[in-house]
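Below is one structure, written out as structure tokens, with a few remarks after it.
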2 protein chains.
Amino acid sequence: MEKRISLNGVWHFREVNAGEWYEGEVPGCVQLDLIRLGKIEDPYYRMNEIKFHKLEEKEWVYKKEFDFNAKNKNEYDAIKLVFEGIDTFADIYLNGIHLGKVQNMFIPYEFDIKDIVKDGNNVLEVHFDSITKTIKAMEQTSPVKLEWSGESGRPYIRKAQYSFGWDWGPRIVQVGLWRGAYLSLVKYAEIKNPYFYTEKIENDRAYVVVSADIERYVHGDFEAEVELIEKDISIIKTRTKVEKNRIDLRIKVDNPKLWYPNGLGDQHLYEIKIKLLKDAEILDEKSFRSGIRTIRLIREKDEEGESFIFEINGVKVFAKGANWIPADNLLPRLSKEGYYEYIRLAKEANMNMLRIWGGGIYEDRAFYEACDEMGIMVWQDFMYACAEYPDQFEWFQKLAEEEAEKVILSLRNHPSIVLWCGNNENNWGFHSWWNNKDPKYLGNYIYKEILPKVCAKLDPSRPYWVSSPYGGEDPNSETEGDRHQWNVWSGWVDYDEYKKDRGRFLSEFGFQAMPDWKTVLSYTAPEDRKILSPVMISHNKMVEGMERLIRFMVGRLGFPKDLKSFVYLSQFNQAEAIKTGVEHWRLRKFKTSGTLYWQFNDCWPVASWSAVDYYKREKALYYYSKRFYAKILPYIKEENEGITIYGISDFVHDKEAEMTIKVFKLNGEKIAEKQLKARLIANDVTKIAYYSFGDLNIGYSVKEMPIAIPGCTLPMEKNRELLNSVVYVEIITDDAVYENYKVFDKFRNLNLIEPKINYQIKNDLIVLTTDVPAFGVFIETENDIDLSDNCLNMMPGKEYEVKFSQKPESVEVFDITQLAAII
Amino acid sequence: MEKRISLNGVWHFREVNAGEWYEGEVPGCVQLDLIRLGKIEDPYYRMNEIKFHKLEEKEWVYKKEFDFNAKNKNEYDAIKLVFEGIDTFADIYLNGIHLGKVQNMFIPYEFDIKDIVKDGNNVLEVHFDSITKTIKAMEQTSPVKLEWSGESGRPYIRKAQYSFGWDWGPRIVQVGLWRGAYLSLVKYAEIKNPYFYTEKIENDRAYVVVSADIERYVHGDFEAEVELIEKDISIIKTRTKVEKNRIDLRIKVDNPKLWYPNGLGDQHLYEIKIKLLKDAEILDEKSFRSGIRTIRLIREKDEEGESFIFEINGVKVFAKGANWIPADNLLPRLSKEGYYEYIRLAKEANMNMLRIWGGGIYEDRAFYEACDEMGIMVWQDFMYACAEYPDQFEWFQKLAEEEAEKVILSLRNHPSIVLWCGNNENNWGFHSWWNNKDPKYLGNYIYKEILPKVCAKLDPSRPYWVSSPYGGEDPNSETEGDRHQWNVWSGWVDYDEYKKDRGRFLSEFGFQAMPDWKTVLSYTAPEDRKILSPVMISHNKMVEGMERLIRFMVGRLGFPKDLKSFVYLSQFNQAEAIKTGVEHWRLRKFKTSGTLYWQFNDCWPVASWSAVDYYKREKALYYYSKRFYAKILPYIKEENEGITIYGISDFVHDKEAEMTIKVFKLNGEKIAEKQLKARLIANDVTKIAYYSFGDLNIGYSVKEMPIAIPGCTLPMEKNRELLNSVVYVEIITDDAVYENYKVFDKFRNLNLIEPKINYQIKNDLIVLTTDVPAFGVFIETENDIDLSDNCLNMMPGKEYEVKFSQKPESVEVFDITQLAAII
């Protein structure tokens, strides 16, 4: 039986060798404590980040005094001091005695203090080295020079790699006890490493395994009682002997209630309770939550190469989601409520997967619990990213192995996690950036030897994948494995390129936009509010990120009128870009089996690839995600002088649907309308109808336009009527209405007319109508409220309803025609 | 003796099978004839180009009737019909008799008509096939699929490849007798293929060779008299026997007057006169012009790889110049005067080399004569560009061999030509684009077998080079041979990248700008005058050329206020970009031994990489070229918290120079001035002085700025004083004043102040002064006049004198601060 005494709350801290002690908080970090004390400013305002760079050389001490009743001491068989997370290089002292040195922020550390803890006052001190000085010293004497980005010393430290600066995040080298600390008092025995997983599901019967290790301080025969509880009702209760300090139990569960990803079914969770018994006495008791589900990664040869399909409970799932990065540079201020809010946002955007990217952290348990509850599958990277790592050193191998073990033991019961992945982009780097093929070390020993071995040992329930991207001779191949498509955006290529991409699983692709306008206001002083001001550029961490935003904006939409127009146009462009990619890849279902765009969230207020900004304000991409990730996606493809309508369905049963197709001229005139019924094939793509342009009353008249051919442009004849038309499609099932639209060129080439958009507030709704087709219709309110939808593409004759969380003040509504400058 | 009867002038033409005949002109083409007749509009206005595409399917007949006196017939031993250039696929008929089929626009064709020409009226007809239909047909049945740009069929035709559209030129598939036609009447004998070249020059004595072939119709012994004439004075006269119908004579010339490239010495030319004698009778007489000079391409191993240095008359020459493309898409309208004007412009820009790029034409003789006279060395490509060619066909090999022979025979007497080069970018293509390594055919048989063989046989006087770029395993290597640097611009990389480039000879690199504002007005209607209008985009033939112009403009200067600002800012940016490259490479003299920027001229009014636009209006780059190609280039390099001043001299003797260095704040305050004397080493780079910023009274104060590091940007502290300073340097020799300036960041980051620029008109000068440092100062006049300088970078306290060709009307003067929009 374990009892815990928290050491969280008020500590004291000071710079090493400085006089005065200040109050600090645990969990916390130096940076947050200094901000709280008013000794340093908000790092996210203007270029204050630079002030935090100057902290890096310093060393810090955190001190906690606590009383301990010596009587307790003999009552317990073991007394341990446990830190759930220390960031990063630190020496721990209790009552002046050195307990040890730590060097990995990702794992808990525990120290046996039974002989050291005193009756009465105890003094616990944690001395933090300067991270920057330490890694620079390590780098200096290292026999290998490692590739890296941002900070050359970062491969030497097991610390969140993004904290040294990334192309979407500042350099803030957090120092401190970023997770909790407690005393662990154990009597007799303790159940450790409980584990629950599903071996298989057959004929409405699940075969599950329950196991655990027993740490014991008393002799004798132990038994364990294992109970499965579903919604407070005990389903199964069974007993087993403890042998070799371990329990290992196979259980059949009849008519199990399965855990499904969002959109595929419910997220049933079971409570698993383990009691450790000696005779009738309960020595320890642990309970935890998990789910019954199988996961298989289907990798089978096919005509394009090899598939890469997640199959959950025997059902193939097209993964719809995004990449997750740490949601702050000052991690301790993230809350459970915040995590639940993020995951709720993902769920409401019809996502079913997030990838926890390898340059961040193994997330807070709240993250995984929320994912378990809301059906968000987790692609879990190990924390190695965009660098070579010094795994020719035995000490680094040990760090990696220890980290993998502790991470897997702590996370393996979450049904949401569906994949362990060795790293982010390092194998792609070996092949394509650093020109060292497939080396034995430089990280590869970890990804190809240590991690698969530890995964196989501690978690037989999930696949392991070497890297993201991986698969094929070129790890970023289109023919097998997962793929990061960065020609678009990073390679300056415009987003039509997505339509040529035959990747099997797009685990990264992205397109930047500015954050919400209110967020821009939050990090700028009035004099910074110019598109190319130093502060504005500083809040786009990508080298030449602003130049790309502009390049793609003028390529598609034209010049912005001003900074605010720039913000909104960038968001519309981003949303259209990712829409183009996702729709193309969903149409290839299951040749392509997933799209995780880069990136879901931000770690500070910044122009980035995110859908939701640092303040959880939704960008246009977020609202678009709800549509392009919906269970049914109507898709309009131009081909053979007409259009083909496809219905892409993620339903597991066929669906009867009604469909309406309308064609408008851009002046608002409706020139065609078609109605039909269709049966959408389950979990597949259905070709529904073809209409020639003639069928749709789209005539022909000549407009000469410059058209790109290989090597140059030539003026050619285009159909002016097409440039003046929009096709709108609506699929109606018993569940809902799904819609989409198609225009036939870049927006800057269309004959757009400034719309008259009317809106009315009715109860908790803003109801909007337009006289002509209107694109990128933004609703802006003075107060900071949530809207159920935004960045609408509106057709005449239809009411658009947007729900608000709070009464909107000073509503403004505008579309892209009002944002572009005609110069 | 040959006598010629011109067939130039009025012909008649019509579409095949059409009724009416129209008047046409020879030399000329269908397109020009149709324009002249008012049957088609100016192709360069708006998108009229498209109208010319529609001509491509048509077939045409050109007809000339001429009288011939049959008495003449027997007076001559041979009667030939000669076409100097037929474009391209044609059948020739005389009096209804088929003389032959032709298929190479680059070579003259001659037909023996002695038995066909009639007394009295003769009817000559040239039937032109549709080029597009023919090459499409050839392509269709070809066993290989060839790589290409623009038009997939173009490798099958020996026609100027740019005529099918390029990233700076329209698709206008010219058809017609583009060069002259005549009857050649030969009696007794004719001197053919006269040749003059310098074998070596030693101790003020040149060893030259004179040779020729004799075509004879009479028996007997012939002699030849060879005379060298310099400025109408006979220098040498000597006789030789004609043996085996050939003369071949080695002549020693004492104290020869050598031909030098511009800047290195004078361009002495000799007239060489050959008389063919039988006894005392002159059977034929030919005279031509050439020069005495040696050329060696120094390719020697060194620590960076292998040098690539042109050596003329024993002196190493840093090649300063640009690439030449055909100066029109309708070639017959180019005039001798026009060619001389272009070459004069090159000379006045202190150039000494032009490269005739392989996608155009072997130029008009006026071009080479102007180069001979003005000292512009010519890098002569053979006409193969950016494609694979079908040289596995024997017929194509023969075409290539015949072409090479005729071209070399016609051009080899021009001293200006210093190199034969096999093609443009095709070997780079094999290696880096088309992934076929170093194939036997696909063009390589021509470049590696046919051309070197023909060059060795017919022109031992010049080096042959396989391709541009070539040298090294990667033909575009930095370590040997010549190099095309297109990461900048095409690869979206900004021009600071030039400073990292260690190419040995930069035969291509470039940066686009808009043409002159008057030129923009010329090709647009008022409604087209928006930066992103279809017509504006159509007059930038590069795919996403406008996006690049904008991307680089915002990266360096900011947003343009309007279209006119866009024009001027783009020109300033281009000039600064090429300046950066050239200065860096000149500083590496002779590690780098030449910079030929892309491109000197235009073939139509267009936004392109040119320095001089289609109407010969100079862009900012042209004026900058005068400065960065001057014989002495002062260079200011920032290093070690200060600046080093270098003097790069192309003089062949050491030069004593006086130097002034001034430092201004951007508000106009002069904060430092230094005077010194220096000796500039001949044909080398001299390090003259180092000054710390302290020496220059440039203080230090902090400005926080986002700075790029690998992978992201970080805010860092920069010296605000540097961002507020400009260093100006002037080197004065007995010859002239050479100047340069240095600012310490991108212009958009500088603390620029809008200047007050005063100007006065004094005689034929505009004299300008400014109150604060002013950059990119443009003088615009309403009337279309020539100015001796423009796009000035002006310092306070100095008068800038600009000479005009005609009294300027409505002068406007503005600098970049007046062009950028602050949004």
Side-chain angles (χ1 to χ4, degrees), chain A residues 46-50 53 148-152 165-171 386 491-492 494 530-532 534-535 537-538 540-548 550-552 554-555 558-563 565-566 703-706 708-717 748-749 821-823, chain B residues 46-50 53 148-152 165-171 386 491-492 494 530-532 534-535 537-538 540-548 550-552 554-555 558-563 565-566 703-706 708-717 748-749 821-823:
Chain A
R46 307 193 75 200
M47 285 188 274
N48 281 348
E49 173 191 349
I50 202 169
H53 299 171
W148 48 278
S149 63
E151 162 59 58
S152 58
W166 216 265
D167 59 2
W168 35 258
R171 178 178 176 120
C386 299
W492 296 91
D494 201 8
K530 304 290 168 196
I531 298 172
L532 296 169
V535 166
I537 292 170
S538 206
N540 184 335
K541 302 294 274 184
M542 185 188 203
V543 177
E544 296 178 328
M546 297 307 267
E547 283 86 342
R548 281 180 181 77
I550 296 161
R551 168 260 180 282
F552 291 115
V554 296
F559 285 93
K561 273 186 180 159
D562 51 24
L563 175 63
S565 303
F566 180 70
K703 179 163 183 178
E704 293 170 4
M705 301 272 289
I709 63 163
C712 63
T713 69
L714 290 180
M716 292 187 194
E717 290 180 356
R748 79 175 189 198
N749 293 337
I822 309 302
I823 57 169
Chain B
R46 304 193 76 201
M47 286 189 275
N48 281 349
E49 174 191 348
I50 203 168
H53 299 170
W148 48 278
S149 63
E151 161 59 58
S152 58
W166 216 266
D167 58 3
W168 35 258
R171 178 178 175 119
C386 299
W492 297 91
D494 202 7
K530 304 289 170 199
I531 298 172
L532 296 169
V535 167
I537 292 170
S538 206
N540 183 334
K541 301 295 275 185
M542 186 189 203
V543 176
E544 295 178 328
M546 296 308 266
E547 283 85 341
R548 281 180 181 78
I550 296 161
R551 168 258 181 282
F552 291 114
V554 297
F559 286 93
K561 272 185 180 158
D562 50 26
L563 175 63
S565 303
F566 180 70
K703 178 162 186 178
E704 293 170 3
M705 301 273 288
I709 63 162
C712 63
T713 69
L714 290 180
M716 292 187 193
E717 290 180 356
R748 78 175 189 199
N749 292 338
I822 309 301
I823 57 168

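These values consider heavy atoms only, across backbone and side chains, with no hydrogens, waters or symmetry-generated copies. Labels below follow one simple rule: chain letters A, B, ... track the order of the sequence lines, proteins then strands, and each chain is numbered from 1.
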With sequence neighbours excluded, tell me which residues meet ring-ring contact (aromatic ring centres under 6.0 Å, His included) with A:Trp148. none
Selection from A:Met47, A:Lys703, A:Arg171 maximising heavy-atom pairs under 4.5 Å formed with chain B: A:Met47
With a 3.5 Å distance limit and no angle check, can you tell me whether B:Lys541 reaches the backbone of A:Thr713 through a side-chain donor-acceptor pair? yes
Flag the one option from B:Arg551, B:His53, B:Met546, B:Met716 with the top tally of heavy-atom pairs under 4.5 Å to chain A. B:Arg551
Is it the side chain or the backbone of A:Glu544 that comes within 4.5 Å of chain B heavy atoms, both, or neither? side chain
Evaluate the side chain to side chain contact (heavy atoms under 4.5 Å, CB included) criterion for residues A:Cys386 and A:Trp166: first the C-alpha distance (whole Å), next the side-chain angles of each, then the deciding distance (0.1 Å), finally the verdict. CA-CA 10 Å; A:Cys386 299; A:Trp166 216 265; 3.7 Å; yes
With chain A, the option among B:Leu563, B:Asp562, B:Asp494, B:Asp167 that has the most non-hydrogen atom pairs under 4.5 Å is B:Asp167
Counting heavy-atom pairs closer than 4.5 Å to chain A, which one of B:Leu532, B:Val535, B:Ile822 comes out on top? B:Leu532
Side-chain contact, heavy-atom cut-off 4.5 Å: A:Ile709 with B:Glu151? no
Side chain from CB out, backbone as N, CA, C, O: work out which of these in B:Met542 comes under 4.5 Å of a heavy atom of chain A, or both, or neither. backbone
Looking at chain B, which one of A:Ser538, A:Ser149, A:Ala708, A:Gly558 has the largest number of heavy-atom pairs inside 4.5 Å, strictly under? A:Ser538
Against chain A, label B:Asn749 side chain, backbone, both or neither, depending on which of its atoms sit under 4.5 Å from a heavy atom there. neither
What's the spacing between B:Leu714 CG and B:Glu704 CD if we round to 0.5 Å? 12.5 Å
Among B:Arg548, B:Lys561, B:Arg748, B:Met705, which residue has the highest count of heavy-atom pairs closer than 4.5 Å to chain A? B:Arg748
Quick one: does B:Ile531's side chain get under 4.5 Å of B:Pro560's, heavy atoms only? yes
Going by ring-ring contact (aromatic ring centres under 6.0 Å, His included), name the residues that satisfy it together with B:Phe559, two or more places apart in sequence or in a different chain. none
Is it the backbone or the side chain of B:Trp492 that comes under 4.5 Å from a heavy atom of chain A, or both, or neither? both
